Amino acid sequence: MIQSQSVGVVTPQRVVFDEPLALKSGAVLPSYELTFETYGELNADRSNAVLVCHALSGSHHVAGHYADDPGNIGWWDNLVGPGKPLDTREFFVIGVNNLGGCFGSTGPASINPATGRHWGADFPFITVEDWVATQARLADHLGIERFAAVVGGSLGGMQAISWALQYPDRVANVAAIASAPKLTAQNIAFNEVARQAILTDPDFHGGNYYQHDMVPVRGLRLARMIGHITYLSDDSLAEKFGRALRHGKHIYSYDIEFEIESYLRYQGDKFSRQFDANTYLLTTKALDYFDPAFEHGGNLPAAFARCKADFLVVSFSTDWRFAPERSREIVYALLHNRRNVSYAEIPSGAGHDAFLLDDAHYHAVLRSYFGRMKR
Amino acid sequence: MSPTTYRFDFDVIAAWISPGETVLDLGCGDGSLLAHLVETRGVRGWGVENDPDNLVACVANGVNVIQVDLEKGLAGFEDGFFDHVIMSLSLQTIHNTRAILDEMLRVGHEAVVSFPNFGYWRHRQSIMNGRMPVSESLPHQWFDTPNVRFFTIADFEALCADAGIAVRERLAFDDDRPVVEEANFMANFAVFRLGRS
């Protein structure tokens, strides 16, 4: 049995990019800052770097904890560390807070140097492709010409896929987990409900709530609640909460009666205290826009023709937000182009959230994949 | 049934594969046949598996593996994409025999199928003695076997004739010894090269 450990205490780093960034929307960002963390050591020929891309609510804090905040453990700590499936004794692992984020990188809550005020509603729309472009600049900054792998789950998987399409010579392996080549109408619909919750919150002030010293807490809370419902499966909700009652009986009130209500309110409250509403809006739009086949008349295999990376694609049986069928589309598009691709459909009751859990079979697949890479 | 049990069937199959072909291996196990074909024939290969442990083994062995439940066919795989679609010692574990043979010949120009021959004389003897056959080629007990279809070489040939499948070549073996005459009686397994009639 391999003894796995935490990477221990980690410290975020920051880097400022002064070269203007032309965004896919046509807007130009004159300068920006990225916050990132690294784990493990970059080897002499700089060939062991792995980029971990985060999803909607994630950050650069992938693994380990902070000296002044030991309870703040990285969101993929079960995957990344010494002896873990993505072994930091072998790989130099990088987590970066995406542009437009709210955990240190330049985003809507940052000060716009042109106005001296918060960017707010003026922050440009960001796409998955834009994130990848900024990550490539970070790679340049760190002296990494080619990643051994780019890894991500959900929206992070979209970034990993986009890496193979935007920079085919700069990534050897892509692991796209619980991801999709584009969102379905149903998925966009959930995002739109979440956005409307924020946009119609009276405290939103057209996105410039910072000036009013307000936070659209109610909107964010609702957005997160609906998100959480879709990240879990019907079965996992039934198993975790069922119809369990807080008071053991019906009290005929709009206060918490069913435990599922308590869970959703707790998750919503927690999230609304730590996440920026504008970042939430931007990020859900980035999810909606992602569709590499769009420029190829909807032909995904044609979009993948330029890709050179080897792929690992993983989905989870009860994930209905990023269903196995979406992952299979990626697999068959890669197969069409005769790329090396492996695909695992992990039996799991946990829905979309499964990609963050340490299911034994799931982690065995990842451990084998990364283990094979280092040889 | 692990494909490593019959290493020599790898050589038989490899002999039918031209260098550089595009190959699909259904029920690829730990990927050792594909690894063999990559090594000896330089094929571009993908395996199909549905067993979690085999999947992990393929990934660890650096063999492309795609998780598919073969009972549901090969939807998603393109017509005529593969030069050869191989199924080594797995056909007897699939309920939907005819559908999977059709699928193999849809996505591949030729199919290569190997299976244990339930008509082998020792198996017949075992049945005559009142017990289901258990041997090196049929290692499971009736109550724990993964096999769900029990057929002979003659049965398979009848199915091919009925389904418009051309038998382009057939090799039969008694363990590793080639069997030329009375294959349905003397051989405990067979390898077929199939095409469309």
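From a predicted model like this one, the values you see are computed outputs, not experimental measurements. Naming convention: chains lettered A, B, ... in sequence-line order (proteins, then strands); numbering from 1 in each chain.
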Heavy-atom distance under 4.5 Å to chain B: side chain of A:Arg338, backbone, both or neither?
-> both
Measure A:Val365 against the heavy atoms of chain B and call it side chain, backbone, both or neither at under 4.5 Å.
-> both
Between the CG atom in B:Leu74 and the CG atom in B:Leu26, the distance rounded to the nearest 0.5 Å is 5.5 Å
What's the verdict on salt bridge (Lys or Arg N to Asp or Glu O under 4.0 Å) for A:Arg306 and A:Asp169, showing C-alpha distance, side-chain angles and the deciding distance?
-> CA-CA 10 Å; A:Arg306 55 186 284 106; A:Asp169 294 315; over 6 Å; no
Please look at B:Val68 and chain A and tell me whether the side chain, the backbone, both or neither of the residue comes under 4.5 angstrom of a heavy atom of that chain.
-> side chain
Part of B:Leu55 lying under 4.5 Å from any heavy atom of chain A | side chain
Hey, do the aromatic rings of A:Phe322 and A:Phe355 have their centres closer than 6.0 Å?
-> no
Within the 6.0 Å centroid threshold, strictly below: A:Trp320 and A:Phe190 | yes
Under 4.0 Å between a Lys/Arg side-chain N and an Asp/Glu carboxylate O for A:Asp77 and A:Lys84?
-> yes
Selection from A:Ile346, A:Val341, A:Leu366 maximising heavy-atom pairs under 4.5 Å formed with chain B | A:Val341
